[in-house]
J.: 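Mind having a look at this structure? Questions to follow.
Computation of the quantities below employed the complete heavy-atom set of this structure, encompassing side-chain atoms and omitting hydrogens, waters and symmetry-equivalent molecules.
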Amino acid sequence: MAGKRPVVGHATKYFNNARTRCGLFLWEFGMAEPASSIATAGAVAATVSLTALLTQLDPGAVAGAFAGAVTFALTAKDTARVPRVIYALVSLVVGYAAVPDVAALSPIQSPFIAAFLVSALVVHTTITVIDRIKTVSFREVWDSLVSAFRKGG
């Protein structure tokens with residue numbers, strides 16, 4: 001088995017192979033050629049730019065929101081591909097839509113930076129808040145509010 005190349009996309013168990021430790025499962029995917037990766041990145045960047053120009057959207061904000069959405073999608077853990085794509089689209093839309101509010105409420109005036117930050121953080125923050133709401137004890141919150149009110153603080 002040491003001389004055979006594993007089937008792309010399938011888990012392959014290796015024993016006594018220098019590329020794995022202790023015979024763990026190794027997921028091996030075919031690596032894209034650098035030229036095709038650059039061409040794909042260029043095509044995506046051109047599509048985003050052309051879409052921004054044709055729809056009269058702010059190109060900086062669109063590019064920033066797209067970059068933030070891609071950053072989120074690439075760093076998301078424990079998420080399947082379809083939800084990750086949906087989250088990336090939500091991140092893109094919210095990142096672009098939040099640019100005027102971020103510019104008005106913060107010292108960040110660059111549409112690219114504002115859209116990038118919002119789109120990279122919005123989905124993760126929302127999921128974290130929803131998870132915390134699911135596990136919060138409303139009795140504890142109520143008791144802490146009542147005690148703070150009684151103390152005058």
Side-chain angles (χ1 to χ4, degrees), residues 5-14 17-145 148:
R5 178 172 162 78
V7 177
V8 175
H10 289 250
T12 306
K13 193 170 187 177
Y14 285 95
N17 189 331
R19 294 185 341 192
T20 62
R21 294 185 185 111
C22 304
L24 298 174
F25 283 95
L26 172 69
W27 287 85
E28 184 169 312
F29 294 96
M31 188 171 170
E33 293 290 326
S36 65
S37 297
I38 291 170
T40 302
V44 168
T47 302
V48 169
S49 300
L50 186 62
T51 301
L53 292 175
L54 290 177
T55 58
Q56 297 180 354
L57 298 175
D58 181 6
V62 171
F66 180 75
V70 168
T71 300
F72 167 77
L74 291 177
T75 59
K77 293 180 175 74
D78 301 329
T79 308
R81 285 186 185 174
V82 173
R84 192 179 300 184
V85 169
I86 292 169
Y87 288 155
L89 290 173
V90 168
S91 178
L92 176 73
V93 171
V94 172
Y96 181 79
V99 168
D101 295 330
V102 171
L105 298 173
S106 74
I108 300 172
Q109 296 302 312
S110 168
F112 179 86
I113 300 294
F116 175 79
L117 291 175
V118 171
S119 64
L121 297 174
V122 69
V123 173
H124 177 71
T125 304
T126 304
I127 291 171
T128 302
V129 168
I130 289 171
D131 288 343
R132 296 248 172 117
I133 288 172
K134 286 179 182 178
T135 60
V136 73
S137 168
F138 289 106
R139 181 68 181 174
E140 290 176 15
V141 172
W142 179 257
D143 291 342
S144 66
L145 288 174

J.: Please step through side-chain contact (heavy atoms from CB on, under 4.5 Å) for the pair V93 and L89, ending with a clear verdict.
T.: CA-CA 6 Å; V93 171; L89 290 173; 5.7 Å; no
J.: Which pair of heavy atoms, one from P83 and one from A80, lies closest together, and at what distance?
T.: CD-O, 3.4 Å
J.: Could you tell me which residues satisfy side-chain contact (heavy atoms from CB on, under 4.5 Å) with T47, sequence neighbours excluded, listed by chain and number?
T.: T51
J.: L121: what forms a side-chain contact (heavy atoms from CB on, under 4.5 Å) with it, not counting sequence neighbours?
T.: T125
J.: Please confirm whether the backbone N or O of R132 pairs with a side-chain atom of T135, one donor and one acceptor, at under 3.5 Å?
T.: yes
J.: Go through it in stages, so that I can follow the logic: the residues are V118 and V94, the test is side-chain contact (heavy atoms from CB on, under 4.5 Å), and I'd like the CA-CA distance, side-chain angles, deciding distance and then a yes or no.
T.: CA-CA 7 Å; V118 171; V94 172; 4.2 Å; yes
J.: Atom OG1 in T55, atom CG in L50: separation rounded to 0.5 Å?
T.: 9.0 Å
J.: Where do S119 and G64 come nearest, in terms of heavy atoms and distance?
T.: OG-O, 3.7 Å
J.: So, do L117 and I108 sit near enough that their side-chain heavy atoms are less than 4.5 Å apart?
T.: yes
J.: Evaluate the criterion side-chain contact (heavy atoms from CB on, under 4.5 Å) for residue pair F72 and V122; output intermediate values, then yes/no.
T.: CA-CA 9 Å; F72 167 77; V122 69; over 6 Å; no
J.: Is a side-chain N or O of S91 found less than 3.5 angstrom from the main chain of Y87, in a donor-acceptor match?
T.: no
J.: Working to the nearest 0.5 Å, report the span between CG of L74 and CZ of R84.
T.: 8.0 Å
J.: Just to verify, what does S110 make a side-chain contact (heavy atoms from CB on, under 4.5 Å) with, not counting sequence neighbours?
T.: F112, I113
J.: How close do L92 and A69 get, counting heavy atoms only, and between which atoms?
T.: N-CB, 4.0 Å
J.: What pairs with D143 under salt bridge (Lys or Arg N to Asp or Glu O under 4.0 Å), at least two apart in sequence or on another chain?
T.: R139
J.: Test of understanding: with side-chain contact (heavy atoms from CB on, under 4.5 Å), list the residues that count as partners of Y96, not counting sequence neighbours.
T.: L57, D58, A61, V62, A65
